[in-house]
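Contents: one structure, followed by commentary.
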Number of protein chains: 2
Amino acid sequence: MPAPAPHPSAANLIASCGGRVTRTRIAVLEILQHSQRSLNHDDIAAALAADGLPHDRVTLYRTLDWLVEQGLAHRIIGPDRARRFKAGGETGSQHAHFHCDRCGHVLCLESIKTDERFELPAGYRPERAELVFHGTCPDCGRLRAAKT
Amino acid sequence: MPAPAPHPSAANLIASCGGRVTRTRIAVLEILQHSQRSLNHDDIAAALAADGLPHDRVTLYRTLDWLVEQGLAHRIIGPDRARRFKAGGETGSQHAHFHCDRCGHVLCLESIKTDERFELPAGYRPERAELVFHGTCPDCGRLRAAKT
DNA sequence: GAGATTAATGCAACATTGTAGCATTACGGC
DNA sequence: GCCGTAATGCTACAATGTTGCATTAATCTC
């Protein structure tokens, strides 16, 4: 088994899950890997279109669901109740997210783990926690500071 | 002005916001006040129907938006990307929520405040935080324990 | 209390996001 | 290259939320 690289080849990752290595899966996973922020369906469909690839809505849903199921990507549900995706599995690296109210982007805060213990009332058996901050991201904060 | 009660009259609360005191608003706010858990649109529409009141979908959306806007209720977006509502304002009492994966209910964890300080990377300016736990609620946990 | 004013409602149509069924395509084993 | 089947790409549908506009009814003025 090759040593884990920051971004192992998308095709290798897909093959190692036992699934077929298709154009769509490779393209979608690479798009997610190359993005700093989380992407929604429209973002990904647009990226696929830019690459001249087919971008059927249903196929995209199924491809993304499959990637999440295989642990190759993780899903965040934003306040606009739309799903956003990012490369990298969810289990083992539970982290917080940041939603910028200005640009609408969702970023991962890998440094903030959500598996730390919270004091829940008796009886509750939490299995995972979702922590989402809302506010202004560094980019938008800089823009505002520059304007003021 | 009367002293603040645990649940001041719904009509009084509505009037104090400067809005018109209508049957629908009173009924919706009372339904929310009397519920321990957060309710989605279907829950509320069903409760209105049970009271023999009209329950137009659009009116319900607008009524709930208005209540949230006035700070008389707050909104949580669940993992099923449906909105859930509960009486009581959001500002000033930011708290965590618990989503039960078994029964699907969303409960408020008033004891866990989300305005405590987290260590965010430089540049981020958070204004509020959303903390949602997923797992088994006390009720479902008891049922499972009884069965096992 | 009667009439006027206009916020709130109720209806129809539409927009967005996600699913289901099924025929066709193309990946991977031979 | 051929075949079996997973994956795709349609179409149609479901769930949730929004917009526009005519009607109703809560409040104000008298």
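Within every chain, numbering begins at 1; the chains are lettered A, B, ... in the order of the sequence lines, protein sequences first and strands thereafter.
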Could you state the [atom1]-[atom2] distance from [X] to [N], rounded to the nearest angstrom?
X       : N      : atom1 : atom2 : result
A:Asn40 : C:dT16 : CG    : C1'   : 12 Å
B:Leu48 : C:dT9  : CG    : P     : 11 Å
A:Leu64 : C:dT19 : CG    : C1'   : 15 Å
A:Trp66 : C:dG18 : CH2   : C1'   : 21 Å
B:Ile44 : D:dG17 : CD1   : C1'   : 14 Å
B:Ile26 : D:dA25 : CD1   : P     : 15 Å
A:Asp56 : D:dA12 : CG    : P     : 14 Å
B:Phe85 : D:dT16 : CZ    : P     : 13 Å

For [X], report the nucleic acid contact type (base, sugar-phosphate, nothing); a contact means any heavy atom under 4.0 Å.
X       : value
A:Arg25 : sugar-phosphate
B:Arg62 : base
A:Thr59 : base

Reckon [X] has a side-chain N or O less than 4.0 Å from the OP1 or OP2 of [N]?
X       : N      : value
B:Thr22 : C:dT9  : yes
A:His41 : C:dT17 : no
A:Arg84 : C:dT17 : no

Applying side chain to side chain contact (heavy atoms under 4.5 Å, CB included) to B:Tyr124 and A:Leu107, what does each step give before you reach the verdict? CA-CA 11 Å; B:Tyr124 289 93; A:Leu107 303 124; 4.1 Å; yes
Would you say that B:Leu60 contacts B:Arg62 through its side chain, given a criterion of any heavy-atom pair below 4.5 Å between the two side chains?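 No, every pair of side-chain atoms sits at 4.5 Å or beyond.
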Answer yes if the side chains of A:His97 and A:His95 hold a donor-acceptor pair under 3.5 Å, and no otherwise.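 The answer is yes; a qualifying pair exists.
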Taking the nucleotide of DNA chain D with the closest heavy atom to each, which residue, A:Val58 or A:Thr24, is nearer the 5' end?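 The answer here is A:Thr24.
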Residue whose closest nucleotide on DNA chain D lies nearer the 5' end, A:Gly19 versus B:Gly19: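 In this pair, the answer is A:Gly19.
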Centroid separation under 6.0 Å, is that true for the rings of A:Tyr61 and A:His41?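 Yes - the distance between ring centres of A:His41 and A:Tyr61 falls below the 6.0 Å cut-off.
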Decide yes or no, distance alone: a donor-acceptor N/O pair under 3.5 angstrom between the base of [N] and the side-chain of [X].
X       : N      : value
B:Arg81 : D:dT16 : no
A:Arg57 : D:dG9  : no
B:Arg20 : C:dA8  : no

Which heavy atom in B:Phe98 sits nearest to a heavy atom in B:His134, and how many Å separate them?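 Smallest interatomic distance, heavy atoms only, reads CZ-C, 4.4 Å.
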